[in-house]
Every structure is written in structure tokens, then in C-alpha cells.
2 protein chains.
Amino acid sequence: MDRKDIHNSEYPKICEACEARHRGICGALTPDELTKLSRAARQHTVQAGHELMAESEPSGSYANVMSGVVKLSKMLIDGRQQIVGLQFAPDFLGRPFVDENRVSADAASDVELCRFPKAAIDSLIASSADLERRLHQQTLKELDEARDWMVTLGRKTAAEKVASFLYLIATHIDPSIDDSGGSAQFDLPLTRADIAYFLGLTIETVSRQLTRLRTSDIIQITHNRHVVIPVLNRLRDRMG
Amino acid sequence: MDRKDIHNSEYPKICEACEARHRGICGALTPDELTKLSRAARQHTVQAGHELMAESEPSGSYANVMSGVVKLSKMLIDGRQQIVGLQFAPDFLGRPFVDENRVSADAASDVELCRFPKAAIDSLIASSADLERRLHQQTLKELDEARDWMVTLGRKTAAEKVASFLYLIATHIDPSIDDSGGSAQFDLPLTRADIAYFLGLTIETVSRQLTRLRTSDIIQITHNRHVVIPVLNRLRDRMG
DNA sequence: CGGCCGGTTGAATCTCTTCAACGTCCGTGG
DNA sequence: CCACGGACGTTGAAGAGATTCAACCGGCCG
């Protein structure tokens, strides 16, 4: 159990500043394992709007999200679309055990990834119970988030949905959030269309509800994307 | 890896007929482990409508669902309710790693459970990678189901939601389903109110949509609960 | 400059909800 | 035995909330 992780120098250089080494799955690895994995890893950037993985298609790699926001979505045959999850750093991207993805993954904003060959992770999973544990816990977290969102989708009004969305983004993006209320500000990583896909609404309804929140002085919006929430608790009151 | 599972006699008697030994989590255990666990296990029945575990409360036990249907639900502070999952035999019930439940669990129909003390499972998880793997996979399955349902909640019409619900129940309950279309019949394990909570609709809308499916000869309903679906593919066509 | 993309706003429409009445089944108690 | 009440379900009419369709605005890129 002694991982000798006192000396930073034992970690590969590219991992040193990486959040995934602390809160992400790489935290489950020994310096040795991490070193081996880092040799197979490749960091790169994907521009907003580009696809990372396609629904119902095998994917040859996993990845850690290092920065930016990834949207996971599903489509009905007639094209209706629903975003079923958002991933932020240092979330793990990809589906262990099966070849086929059940969702498609797209870069909502510009996204930095650290990609691994599927085989590298799969063999690590087989040998490291810690890693499997970490992945299991991320899956449980995603399940919790999915179920929370089901309540939003099934039971909340459009106004409550938009407020819930802004709160979700604020708590995941704004580094200065301390949970005790206060204020927040950030750039929306999603277009109005993406927000609508996430909330099960239309673009127009999202736009109208944002306008309502703005004219009620709950939020300020500049340049279409930059949002200021002076009093988070006033937003929470509108979340249902 | 040799689990010596050729001779049935090596398994505890109460486990012999249990589905969880094959498709459920107990399939990950050696006969020895299973024997120890079975000593701590207690089978019992919970009547429809009774609560199994409360939201936001610690639960001292886990359980396998042996028969019947369990509904997992969440509530908003003002009482609005959403069912976020249904569990059938031989699903595992309970949340590893944390004390607090994130959902409440209620018996939708009469439910037979096989309960285990939390500590018994937790220590098995620590020592058996197979068990953790099995739990991880059940979690992944639940995540897939949750995301599928998010599409239904966010994007489908009331008519499509009800059709999707009937199809879900048919494929999970009717033992004669062979996936290749054909027909199905079963007793609905949920009341109209439960169906509404599951679909993000009102009771009245559910009732009206069931009537529409009935008058369109897609389904037959007798005694309010017994459903016959002569041609499953005709139902699928209405699922969106 | 022109056209496109992302976003906002308005008016008409439609779907689902709300409120209310009614029907059936079933267990209980007079 | 039958009357009563409650749980569950259906149906109708009116209303609210979200969608649809359309026009318009500003910024950006070729």
C-alpha cells in the first residue's frame, strides 16, 4: 500500500500538473504504473463542436478530460437529440468492458484530452483493484448525476430547468465557488442549442427563460456567453 | 480461477434456485464465500407499496431482488416525485462505499428480497475483485438505463413515453419474449400513478394514452392491469 | 459587402395539465 | 346481506405552458 508518492519527481513530467493524478483515475496508480501508462498516453486538443466518440461505434481509446466540457448525447432515429451527461476535468471518458459506446461524445467547448490506448487501460484494470475501484466510483457518480437530472427532465418547469442548468455549470466551472451561497461567474461552455438539448426544451424556450432571469436580476449576461450570478441562493430558490 | 462450480451440492441450499447466483452478483463468489454470505443472508417478502430504503438516510443492509419490481425514486422539496429506476430480479439493491442512499426504494409489486448486512458485503468487496467487477458492471448497466430513460423523459411525447414504458416492462417481465418481435403479455407491476411518476406525466395523461393504444388495437387491457401486446413491433413503431 | 451562425422576440398553435365528475372494485362494519 | 367509503382508474372541459413558425438583430468570416 506504500505508494512512495511523497516525492513528486517520481511521477512522469506530463502528469505532474494534471488534476487526474489527484482527483481522477490516475490517482489509483503507482508511480511505476503511471510511468508506463504515460508513455502510451497522448495529450491533444479538440475544438468545440468536434466529435470525440460516436454512438454505437467501437472506440479504440479512453481519455481523461484535462480541461473544457464534453457533452454525452443520444439520438432518436428521427434525429431528436438529448444530452445525457456533461463531463469536466478530470473525468474519465470511455466505456470499460465493452467495445461499443452507448453515447456519442462531443467537445462542447475546446477540450484538452489525455488519450490512452484501450488495451493499456484494460490490462491495468485487470491488475489493479484500486483502478477498478476508482472507475467504479466515477460510474456511481455519473449514475447519481444522471438520476438527479432525470428529476429535472421529468418534473421541473422550463424556468426551473434553466436555473438548475446555470447552477450546475456554476458549481462545476467557477473555481471560486465555495458552496455557501455567494456569487459566481463563468463563460457558458454550451450554445443555446446545446442547453436546449440538455434540458429537453427548445432553443427559443431557453432563450426566453434566460431573458426572464436577466430581467428579474437573478443573473447578468454579457456577450451572450458570460454569466454573472450575484447571489447564488436567489438562483437556487428558482430551481424547484 | 477454478471455482469448482460443477457440483451444485457445493452451494448453499437457499442459493440453489436463486437467479442471483447466475446472472446476479452472487455469481462472482466462490462456493466458500457464498456459503459464508448465505449464513448472514435473510430472505423475506415486502408487500407492494412498502418502503425498502429511504432517500438521504443510511441503510444498514444490501439486498438482491429475487422477484417483483422495486422502484427507485427521488423527490423535490415541494413533493414532486420522479421514479429514476426500476429494478427486477436478480438486481442488486444498495449503494456500496457510501452510507447514505441517494434514492428511496419502494416495492412496486410484492417483492422478495435476500438481504445482507452491509458489513458482510463490504468486506467481500474488499477481498474479491470479481465481486467488485460484477457490481461495477451492474452500475454501468443502470447508468445505461438511466441515460436511455433521459432521452425518453426529455424528448418523447406522452404517447411515445407510454409505449416505451410498456415495451420496457414487456421485455423485463414477460418470460416468453424472444426479442424478435412476436407478442407479449404481463400484469403491470405499477399503478397508473407510478407510471406517471416514471414518465414525467400526470395520471390522467397516462390513462388517456393507454386508452388510445387500446382503441388503436396496439394493446389489450383487462382488469386494469393485465396487458396483452399482440404484435410487439407495432408498439415499437410508436416509441419514437 | 453579403451571407451565415447564434441568439432574441412575437404570435399562433398544440400538447399536456388541471380541476372536476364519475365508474368500478373491494374490504369493512352495521 | 347490503350499504358505505376509499383506492384506483377513466373521461370531459378549460386553461397554462411550451413549441412552432417567422421575423429580426448583431457579430464574424470569406
Side-chain angles (χ1 to χ4, degrees), chain A residues 47-50 71 76 78-82 108-109 152-166 187-216 219-227 238 240, chain B residues 47-50 71 76 78-82 106-109 152-166 187-216 219-227 238 240:
Chain A
Q47 282 184 308
H50 287 222
K71 50 181 183 172
L76 296 175
D78 64 4
R80 277 175 289 176
Q81 212 180 335
Q82 177 68 43
S109 62
T152 298
L153 286 174
R155 285 291 168 223
K156 292 191 185 178
T157 64
E160 292 168 338
K161 285 180 178 180
V162 171
S164 303
F165 169 75
L166 289 175
D187 281 311
L188 277 177
L190 273 66
T191 65
R192 300 292 190 273
D194 283 337
I195 299 173
Y197 292 148
F198 192 36
L199 295 173
L201 297 172
T202 60
I203 296 176
E204 294 93 329
T205 301
V206 170
S207 179
R208 279 185 250 272
Q209 296 301 335
L210 284 173
T211 302
R212 271 189 65 223
L213 286 173
R214 191 162 38 72
T215 56
S216 308
I219 61 171
Q220 293 144 28
I221 305 180
T222 48
H223 301 92
N224 275 342
R225 289 293 193 102
H226 190 74
V227 177
R238 306 217 165 194
Chain B
Q47 283 184 309
H50 287 222
K71 48 181 182 171
L76 296 174
D78 65 3
R80 278 175 288 177
Q81 213 180 334
Q82 178 68 44
D106 300 81
S109 62
T152 299
L153 287 174
R155 285 292 168 223
K156 292 191 185 178
T157 65
E160 292 168 338
K161 286 180 177 180
V162 171
S164 302
F165 168 76
L166 290 174
D187 282 310
L188 278 176
L190 273 67
T191 65
R192 300 292 189 274
D194 283 337
I195 299 172
Y197 292 146
F198 192 38
L199 294 173
L201 298 172
T202 60
I203 296 176
E204 295 93 328
T205 300
V206 170
S207 178
R208 278 186 252 270
Q209 296 300 337
L210 284 173
T211 301
R212 271 188 65 222
L213 285 173
R214 190 163 38 73
T215 56
S216 307
I219 62 172
Q220 293 144 29
I221 304 180
T222 48
H223 301 92
N224 277 342
R225 289 293 193 102
H226 190 74
V227 176
R238 307 217 165 194

Between [X] ([atom1]) and [N] ([atom2]), how many Å, whole number?
X      : N      : atom1 : atom2 : result
A:H223 : D:dC28 : NE2   : C1'   : 14 Å
A:K161 : D:dG17 : NZ    : P     : 14 Å
B:R155 : C:dT15 : CZ    : P     : 16 Å
A:L199 : D:dG17 : CG    : C1'   : 16 Å
B:L201 : C:dT15 : CG    : C1'   : 11 Å
A:Q209 : D:dG17 : CD    : C1'   : 9 Å

- Any chance you could list the contact pattern along nucleotides 9-16 of chain D? Use B for base contacts, S for sugar-phosphate-only contacts and - for none, protein heavy atoms under 4.0 Å, 5' to 3'. SBBBB---

- Query: Judged by atom type as modelled, is there a donor-acceptor pair below 3.5 Å linking the side chain of A:Q82 to the main-chain atoms of A:Y197?
  - Reply: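 At least one qualifying donor-acceptor pair exists.
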
- Donor-acceptor under 3.5 Å (A:E160 side chain, A:R238 main chain):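 Flag not set: sc A:E160 to bb A:R238 has no pair under 3.5 Å.
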
Listed pairs, N/O of protein and of nucleotides 25-27 of chain D, under 3.5 Å:
none

- Can you tell which of B:R155, B:Q209, B:K156 makes a side chain to side chain contact (heavy atoms under 4.5 Å, CB included) with B:K161?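 Of the listed options, the one satisfying the test is B:K156.
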
- Qualifying residue, where the test is side chain to side chain contact (heavy atoms under 4.5 Å, CB included) with B:F165 and the options are B:T152, B:L188, B:V206: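 Between B:F165 and the candidates, side chain to side chain contact (heavy atoms under 4.5 Å, CB included) is satisfied uniquely by B:L188.
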
- For A:G49, answer base if it contacts any base atom (sugar-phosphate contacts may also be present), sugar-phosphate if it contacts only those atoms, and nothing otherwise; contact means non-hydrogen atoms under 4.0 Å.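 Nothing, no heavy atom under 4.0 Å.
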
- Measure across A:I203 and A:A196 and return the closest heavy-atom pair with its distance rounded to 0.1 Å.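 Heavy atoms only, the tightest pair is N-CB, 3.6 Å.
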
- Query: Do you know the tightest heavy-atom contact between A:I221 and A:R192?
  - Reply: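 Scanning both residues completely, I find the closest heavy atoms to be CG2-NH2, 4.4 Å.
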
- Item | Pairs involving residues 193-203 of chain B, ordered by first then second residue, that meet salt bridge (Lys or Arg N to Asp or Glu O under 4.0 Å) (sequence neighbours left out) |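 Every salt bridge (Lys or Arg N to Asp or Glu O under 4.0 Å) pair that includes a residue of residues 193-203 of chain B, provided the two are not neighbours, is B:K71-B:D194.
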
- Query: In Å, rounded to the nearest 0.5 Å, how long is the span from CG of A:L190 to CG of A:D187?
  - Reply: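 If I round to the nearest 0.5 Å, the distance is 12.5 Å.
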
